[in-house]
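Since we're looking at a predicted model, the values are computed, not measured. Just so it is clear, the values below take in all heavy atoms, side chains as well, and ignore hydrogens, waters and symmetry mates.
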Amino acid sequence: MALTTRIPLPLLPVPPSWYPGHMMKFTRTLPSLLTRTDVVVEIRDSRLPLTSINKSLEGALRKWRLERGWDANDPTRRVINAAPCERLVVFNKRDLVPEWGMEPFRLAMTRKCPGQQFIFASWHKPRDIRDLNRTLVNIARRYPHTPELNVLVIGMPNVGKSTLLNALRSMGIKGKTPKAFKTSAQPGLTQAISTRLKLSIEPLIYAFDTPGVMLPFLGQGVRGAERGVKLALIAGIKEGMYDMNTLAAYLLYRLNVLDPISPAYLVLLPAGTQPIIDSEEFLTKIAQRMGMVKRGAELDLSRAAAYFVRWWREEGGLRAASPHYHLLFAANKDEINTNQENSAFTHGWGFDFEWQISPRDFTNATNESNVASVVQLKMEECIDRYLIDSEVEDRDEGNISATQRKKQLTIGEKARRRAKYEKASSSRLKNTTISTFKAIPR
């Protein structure tokens, strides 16, 4: 099988804005909710561990930790430890990402984002749910004087918050328990904060489900465009806001990055087909093989694109998660050593991590742990780039749309006029009082 070395990013459209009123309402009420919260469980999608971070909630979470006694200069140190205050980041749907990258990613995130506990989980795996339940129980038992532990579950739309809570309830409460929350493959089903859901009786643990909150603005340029397409692929954005051909083109690109030698989509094509970079050529082969023809005997590429995306969401993600990293060097070792000795090729993990790698990176990688160290280093470089880009975006207001910026200017102008009017009114009242006082006969 040929090794795909150069994989160009397809052209992507400007990201749409999808920020319904219930999301804005929750964002505004989050600070008051945190005053009665002991543990925040933030759910992210394992396929998008960085893209599914909602930066619009970070300010409220940081303030909550500081008010509960965490050190502002050292996120791992707590000055006052009178009551529970923990933040757990759960990467859900772990079965949809390759196993070889989980531990290097966890170590990389721990180094770059201290003060958070990172856990991989999938509601399909009872062991993961049991471990997450045990983590919450251990937190509750560290504070025996706290009568109950209140858990707030937050995250972006369609990352699996309600599904994970249903699984936690079934694991924590003995006996048969009814499904507590409705779930859907489409985003936006949960639009209000739930009533308290009991997760454990001894110790007593309650949880609140919350609406998924999207970023008010997905960003500008290539970074914003790619962020929008990624979220649309995992059904995190309302269906219909993206063209299926665009999603299929980006999905083809990502699957080639994940496995340049034998991408997962090859099972959809005739045996012996080589990896394909051009999306139109790929969709043409899909349409030919599946007999997708529209009126006039013309191949229906839009239908082929919808089929490809649906296949990945239902079963293709599991296939893409199966390859192990060492296969890149074991399966085609001779080809890499002879033809690619001095060249690098594109590889990655999930949809957020992409790097250039060459055989020279593995010169000293004699065993599995050394390979994992190289992967961790590559991931740390990706996280550094993400953090730097986020800082630049915040500084240059790249995370604010033109409409939002205009609205902010309007609000500022109204506040300035109001202050000017109040100052003038106060001055007139003062002058009137003085005049009246002088007019009083003595």
Side-chain angles (χ1 to χ4, degrees), residues 3-7 9 43-53 89-113 116 118-122 125 128 159-160 223 226-227 229-231 233-234 236 250-266 275 312-313 316-332 336 344-359 361-362 365 367-387 389:
L3 177 66
T4 308
T5 56
R6 295 182 178 273
I7 308 173
L9 178 71
I43 310 294
R44 299 177 190 169
D45 194 302
S46 293
R47 296 166 292 181
L48 304 179
L50 301 180
T51 301
S52 55
I53 297 175
V89 178
V90 177
F91 295 99
N92 197 19
K93 306 178 184 180
R94 62 169 288 182
D95 49 325
L96 299 180
V97 293
E99 187 81 25
W100 55 261
M102 292 182 187
E103 186 60 17
F105 169 74
R106 191 187 64 78
L107 294 174
M109 285 294 288
T110 301
R111 285 193 61 185
K112 299 299 178 179
C113 303
Q116 304 174 30
F118 302 100
I119 302 171
F120 279 94
S122 172
K125 299 179 180 294
D128 292 346
V159 293
R223 179 178 168 85
E226 197 170 359
R227 182 184 290 152
V229 174
K230 288 177 182 179
L231 292 170
L233 273 175
I234 67 166
Y250 186 78
L251 178 58
L252 178 69
Y253 161 75
R254 274 296 161 193
L255 292 181
N256 279 325
V257 169
L258 283 174
D259 191 351
I261 295 176
S262 180
Y265 61 75
L266 290 182
W312 178 76
R313 288 174 178 171
L318 293 172
R319 287 183 173 273
S322 59
H324 292 283
Y325 199 89
H326 63 80
L327 291 181
L328 286 173
F329 304 94
N332 280 8
I336 293 173
F345 61 92
T346 305
H347 194 254
W349 182 81
F351 277 16
D352 279 341
F353 288 88
E354 179 181 332
W355 51 72
Q356 295 294 313
I357 203 162
S358 68
D361 293 316
F362 288 83
N367 54 45
E368 194 91 10
S369 62
N370 291 339
V371 172
S373 298
V374 174
V375 174
Q376 180 184 337
L377 182 61
K378 295 291 183 181
M379 288 183 168
E380 288 180 8
E381 293 173 357
C382 293
I383 296 171
D384 282 335
R385 286 198 299 270
Y386 168 81
L387 295 175
D389 290 343

Exercise for review: Please answer whether the main-chain N or O of L233 pairs with a side-chain N or O of R313 as donor and acceptor at a distance below 3.5 Å.
Suggested key: yes
Check your understanding: W355 vs H347 aromatic rings, parallel, tilted or perpendicular, using cut-offs 30° and 60°?
Key -> tilted
Point to revise | Reported CG-to-CD1 distance for the pair L266 and I261, which is rounded to 0.5 angstrom | key: 11.5 Å
Revision key, fill the gap. Distance col, row K93:NZ vs R44:CZ, nearest 0.5 angstrom, shows 15.0 Å
**Study point:** From NZ (K378) to CD (Q356), nearest 0.5 Å
**Key:** 8.5 Å
Practice item. For residues P275 and P263, report the shortest heavy-atom separation together with the two atoms involved. Key: CG-CD, 3.8 Å
**Study point:** N92 versus S122, closest heavy-atom pair with distance
**Key:** OD1-CA, 3.8 Å
Point to revise | T51 OG1 to R227 CZ distance, which is reported to the nearest 0.5 Å | key: 7.0 Å
Check your understanding: Any donor and acceptor pair, going by atom type alone, linking the side chain of K230 with main-chain N or O of F351 inside 3.5 Å?
Key -> yes
**Study point:** Carboxylate-amine/guanidinium contact E226 R254, below 4.0 Å
**Key:** yes
Check your understanding: Once the angle between the rings of F91 and F118 is folded into 0 to 90°, is it parallel (under 30°), tilted (30 to 60°) or perpendicular (over 60°)?
Key -> parallel
**Study point:** Value rounded to 0.5 Å, distance of CD1 in I234 from CZ in R47
**Key:** 5.5 Å
Practice item. For A108 and E380, work out which heavy atoms get closest and say how close. Key: CB-CG, 3.6 Å
**Study point:** Straight-line distance of L255 CG to R319 CZ, nearest 0.5 Å
**Key:** 12.0 Å
Point to revise | P49 versus S46, closest heavy-atom pair with distance | key: CD-O, 3.2 Å
Check your understanding: Pick from M109, E103, M102: which one makes a side chain to side chain contact (heavy atoms under 4.5 Å, CB included) with R106?
Key -> E103
Exercise for review: Before giving the answer on side chain to side chain contact (heavy atoms under 4.5 Å, CB included), spell out for D128 and F120 the whole-Å C-alpha distance, their side-chain angles and the decisive distance to 0.1 Å.
Suggested key: CA-CA 7 Å; D128 292 346; F120 279 94; over 6 Å; no
Exercise for review: Would you please test I53 and Y386 for side chain to side chain contact (heavy atoms under 4.5 Å, CB included) and show each step?
Suggested key: CA-CA 11 Å; I53 297 175; Y386 168 81; 3.8 Å; yes
**Study point:** Student check: side-chain heavy atoms of L318 and L96 closer than 4.5 Å
**Key:** yes
Point to revise | Heavy-atom pair with the smallest gap, counting every atom of G348 and W100 | key: O-CH2, 3.7 Å
Exercise for review: Dump the intermediate steps for side chain to side chain contact (heavy atoms under 4.5 Å, CB included) on V375 and W349, then the final yes or no.
Suggested key: CA-CA 9 Å; V375 174; W349 182 81; over 6 Å; no
